[in-house]
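Notes follow once the structure below has been shown.
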Amino acid sequence: MPVSEEVISALIDLKRTDDAGLVTQLTSQLRDLIASGRLGKGRTLPSSRRLASDLGVSRNTVTYAYEQLAAEGYVAASHGRRPVVTVDGGGDRLGAGAAAAPGRSRKPRLSPWASNLKQTDWPMSYQGSLRPLRPGHGDFREFPDEVWARCLRRGALRAARRELGPLNRTRLREVLADYLATSRGVRAAADQIMILPSAQAALILIAATIITPGDEVWVEDPGYPGAAAAFRASGARVTGIGLDGQGMQRMPGLAAPKLIFMTPSHQHPTGRLMSLARRAEFLGLSRPGKTWIVEDDYDGEFHYDSRPVPALQGLDAHGRVFYVGTFSKAMTPDIRLGYLVAPPALASILEIAQRHIGLIASSHIQEALSEFIADGHFLAHLRRMRRLYHARRDHLVEQLERQLGGMLSVEVPPGGIQLVARLERGRTDQAAVKRLVAAGVETRALSSLAVGRPRDRGLLLAFAAWRESEISTAVRTMASCF
C-alpha cells in the first residue's frame, strides 16, 4: 500500500552501530520502499533537509542517498526540486520497452558469503579515467613498455611449448624467492610461493583456507578495506585495532585472535613504519595453527628516508606469517599479478585450494615476468621509480603546506605511494571528497577506511602516479575548493 510523505521517515530504521554506513543503509531502505511499491511511481520524496531532520542525520547523508538512487534510475532529481520516483514497484528497469514482471518481485536469497560481501563498500567505484590525486597507483607512464613487450613475446613462446606446466611457474617462483630474500629479507623456498591474479586474490585464498565462520580477525583501523571485506565475507568477526605512531597497536588485554592482518612496512593508509620491537611483540602473540599473521607488503619496494626495515616474515622462525605482495604498484596495474608466500605447513593445501577456487595467473605473463626480473629490468625500474616518487612526495608535501597549510595537516610517510592530510577541526572529509571530485581531483576520505566508528578524518592523496606539474595543478584546485 502506498505511504504518505509524512510517514516515510517512520519506515526507515538507521543503526549507528551497523557496519554499513548511514548512506548505504538509507539508500537500501528507500530502494526497498520503491521496489515494494510503497513509494509508487510519481511519488515526490521529502526534501533532503526535512528527511535529515526527521531521521536525525546530516543533510549530506540524505543528499548522497538521493544521488545514488538517481544514478540507479529509481528517482529523478534536479537542482532545487525534490526527487520523484520514476519506476513502478516490481517492474523491470532494464529497458524502456521491457514488460513489467507479473506479481511482486522477491529479493534473491544469497549465500552467507555473498550477504557478508554485500555489506562492504569495497571496492569503491571511481570514474573511468585516472585523475589526480587518486590513491593506490604508481605511474604506468614511466614503465619500460618496449622491454616488457619483448619479455611478453618470449614468455608466450615458452608457455606455448609447456602447455601442461605447473600452475605456479617454477622459474618465476625461483627468481622471486631470490629477489624477496635480497630486497625484503623474506625467508622462503620457491615452492612456498603462489602466483595469483592480485594481492586481493591472496587474501581470498587465505580466508578460504584458514577462516571458520565466527573466527575473530584483527585488522588495522583505519586500514585497507579489501582485507576486512575478504575476511568478513568468509564469516569472520572483524575487529578494528587502532593505530599509534608505529601503526597497529599492541592489545595486551585482548585474547589473541585467529588471524591478524597488518601492513607494517607502510601502514595503509597512514604510511607509518612499525618498529622491529613492535613486530617482535606481534610475533610473540602468534602460534602456528592458533594465531596467524598476514603481512601485506603492498608497496614495500618504495622507502625513501632510511634503510627499509626487513619484512616481518623474515623475523618469523616458526612458520606463522603469510607474506602478500603485488606487482601492480611497482609495474603497471594491467599486469594483474600478485603473490603469496605461504607458511611451509600450509603451502601444499594452499596450492590445492588455489586450483580449486580458480585463482590462476596467466602462464605466459608468469614466464615474461620471470625474465623481466632475472635480466635485471625489474630492479632497474624500481631504482628509477624510487628516485622519482621520492621527489614527488616531497613536492606534494611542499605544495600542500604552501597553499593549504592552515586547512590541512600533512603526515609525511617514510615511503609508499600516498599520504594522509588531515582536515582542520569541524570539516567533514566526505563532503570535501565530493567537492574535490566534482572539481577534477580524486581522493578518498580517511573516515571511509574506518572499520568501526571513524576515529579520524582526512584525505588520502597519492603522489606516485602524478608528475610534479600535475601535482601543483591539483593542489591549486584543492585550494580553490577549500
Requested in this report: Spell out, as yes or no, whether a donor-acceptor pair under 3.5 Å connects the side chain of Q267 to the backbone of M248.
Outcome: no
Query raised in the report: Looking only at atom types and distance, does a side-chain atom of Q354 sit under 3.5 Å from a main-chain N or O of L359, one as donor and one as acceptor?
Result: yes
**Report entry** Heavy-atom pair of closest approach, residues M194 and D191
**Finding:** CE-O, 4.1 Å
Query - A465 versus G138, closest heavy-atom pair with distance - result: CB-O, 3.4 Å
Query raised in the report: Just checking, is any N or O donor in the side chain of R422 or S409 under 3.5 Å from an acceptor N or O on the other one?
Result: no
Query raised in the report: Are M262 and W218 close enough that some pair of their side-chain heavy atoms sits under 4.5 Å apart?
Result: no
**Report entry** T291 side chain vs L259 backbone, donor-acceptor pair below 3.5 Å
**Finding:** no
Query raised in the report: Out of I206, D296, L205, I293, which residue meets the side-chain contact (heavy atoms from CB on, under 4.5 Å) rule with F322?
Result: I206
Requested in this report: Would you check if the side chain of Q366 reaches a backbone N or O of R169 as a donor-acceptor pair within less than 3.5 Å?
Outcome: yes
Query raised in the report: Under 3.5 Å, is there a donor-acceptor pair between the side chain of R272 and the main chain of D244?
Result: yes
Report task. Indicate yes or no: at least one non-hydrogen side-chain atom of M274 is less than 4.5 angstrom from one of E295. Result -> no
Query raised in the report: F372 vs W148 aromatic rings, parallel, tilted or perpendicular, using cut-offs 30° and 60°?
Result: perpendicular
**Report entry** Where Y64 and A431 come nearest, the two heavy atoms and their spacing
**Finding:** OH-CA, 3.3 Å
Requested in this report: Give a yes or no answer on whether the side chain of Y74 reaches the backbone of Q68 with a donor-acceptor pair at less than 3.5 Å.
Outcome: no
Report task. Decide whether Q430 and N60 meet the rule of one side-chain donor and one side-chain acceptor closer than 3.5 Å. Result -> no
Report task. Evaluate the side-chain proximity of I373 to F327: yes if any heavy-atom separation is below 4.5 Å, no if none is. Result -> yes
Query raised in the report: Just wondering, are more than 12 heavy atoms of other shown residues or ligands nearer than 6.0 Å to CZ in R336?
Result: no
Report task. Examine distances only and state if a side-chain atom of E174 and a backbone atom of S370 form a donor-acceptor pair shorter than 3.5 Å. Result -> no
Query raised in the report: Would you say the side-chain atoms of T332 and D334 include a donor-acceptor pair closer than 3.5 Å?
Result: yes
Query raised in the report: Quick check: does any side chain N or O of Y323 sit under 3.5 Å from a backbone N or O of R187, one acting as donor and the other as acceptor?
Result: no
Requested in this report: Determine yes or no for a side-chain-to-main-chain donor-acceptor pair under 3.5 angstrom, with T263 supplying the side chain and H268 the backbone.
Outcome: yes
Query raised in the report: Is the side chain of K329 donor-acceptor paired with the backbone N or O of E301 at a distance under 3.5 Å, no angle test?
Result: no
Query raised in the report: With a 3.5 Å cut-off and no angle check, do the side chains of E411 and T270 form a donor-acceptor pair?
Result: no
